[in-house]
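Only heavy atoms go into these numbers, but all of them, side chains included; no hydrogens, no water, no symmetry mates. Both counts, for ligands and for their atoms, begin at 1 and track the order of listing.
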Amino acid sequence: MTVLSQTALLLELESVVEKNLDRHLSMAKEWFPHEYVPWSEGRTFDGPLGGEPWSETDSTIPDVARTALIVNLLTEDNLPSYHHEIATLFGRDGAWGNWVHRWTAEEGRHGTAIRDYLTVTRAVDPVALERARMTHMSAGYVNAHGDEVLHSLAYVSFQELATRISHRNTGKVTGDPACEALLARVAADENLHMVFYRNLLAAAFELAPSQAMRAVADVVADFQMPGVGIEGFARKSVAIALAGIYDLRQHRDDVVVPVLRQWDVFEVTGLDADGEAAREEIAAHLDGLERHASRFEEKRAARAARLTATR
Ligand SMILES: [Fe+2]
Ligand SMILES: [Fe+2]
């Protein structure tokens, strides 16, 4: 079986990009971040304009919702690095370039909308948030498989869906209908992004099944959320998991499994030895995820029982 080079893969998939960009544009609804922000709740802050400093009592949204909003926003903030990664890999010309720019423009409004909401509602400390943004963006982001087309397509297929779920559930946990509506809108964008990338990799499975299988196996094995470099990410992601915003169970059952099912990975034919090995790695990884997810759920339930008992 011939192995396609990165350039050959990009060329072969270009017509699929074109078709799916058209599909994306026909499905995507225009929306306006400013319409989702309750501006009349806003007050001037301290500093040059002499308003009131932020205080923890300015907002009543739960602590874990603040944590998740900060993680989600910092993740969106790192867009220049993501743009660099995909523009370098996919190129800035033709259908690939059109997608890269359109996707970047859509992602750009996520950070804008969430930041406006957080600042106006005083939901989080704006000074701490700005410092965290500076630290996070100064570190940049590097894709673990940045020079491999199929690995990158596999990664973003899972990552866009993971981000969709995380935004969606964060909105619910805030208890604020305005925030929930905003994050549901952002989540709808992420879902269309997922579909675009997932369709592209589906075409790659037709084109080069073993290479596609290898990419998927490698990516599920070391999947990390794009916000992994955020300061205190480990602690924050535990809080997010305990609150059921994004945990291993959701990662396995609502992200990894449904995307694998769409590609029909366990029915793909025409694999070479490495393709078969990759598929076995995927199956083994799913079993491992199942064990870890169940263990986490047990621990979380035990913790919840302990907390109720001591109340
Ligand atoms: Fe986004
Ligand atoms: Fe997205």
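Near-neighbour remark for the Fe ion (ligand 1): protein N, O or S atoms under 2.8 Å are Glu76 OE1, Glu76 OE2, Glu107 OE1, His110 ND1, Glu190 OE2; waters not counted.
Between Leu201 and Val216, some side-chain heavy-atom pair lies under the 4.5 Å cut-off.
For Ala123, the side-chain contact (heavy atoms from CB on, under 4.5 Å) test picks out Ser59, Ile61, Leu118, Thr121, with sequence neighbours left out.
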Throw together a table of side-chain donor-acceptor distances under 3.5 angstrom for residues 146-155, partners on residues two or more places apart or in other chains.
from   : atom 1 : to     : atom 2 : distance (Å)
His151 : NE2    : Asp218 : OD2    : 2.8
Ser152 : OG     : Asn143 : ND2    : 3.4
Ser152 : OG     : His145 : O      : 3.1
Ser152 : OG     : Glu148 : O      : 3.0
Tyr155 : OH     : Gln224 : O      : 2.8

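When the N, O or S atoms of Glu160 are ranked by distance to the Fe ion (ligand 2), OE1 comes first.
At a threshold of 4.0 Å, the pair Arg295-Glu298 does not count as salt-bridged, since none of the basic side-chain nitrogens sits closer than that to a carboxylate oxygen.
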Could you please spell out the steps behind the side chain to side chain contact (heavy atoms under 4.5 Å, CB included) verdict for Gln159 and Glu190? CA-CA 9 Å; Gln159 172 269 319; Glu190 312 295 22; 5.8 Å; no

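Counting Ile, Leu, Val, Met, Phe, Trp and Tyr side chains that sit under 4.5 Å apart, directly or through other members, Phe296 shares a hydrophobic cluster with Val238, Leu242.
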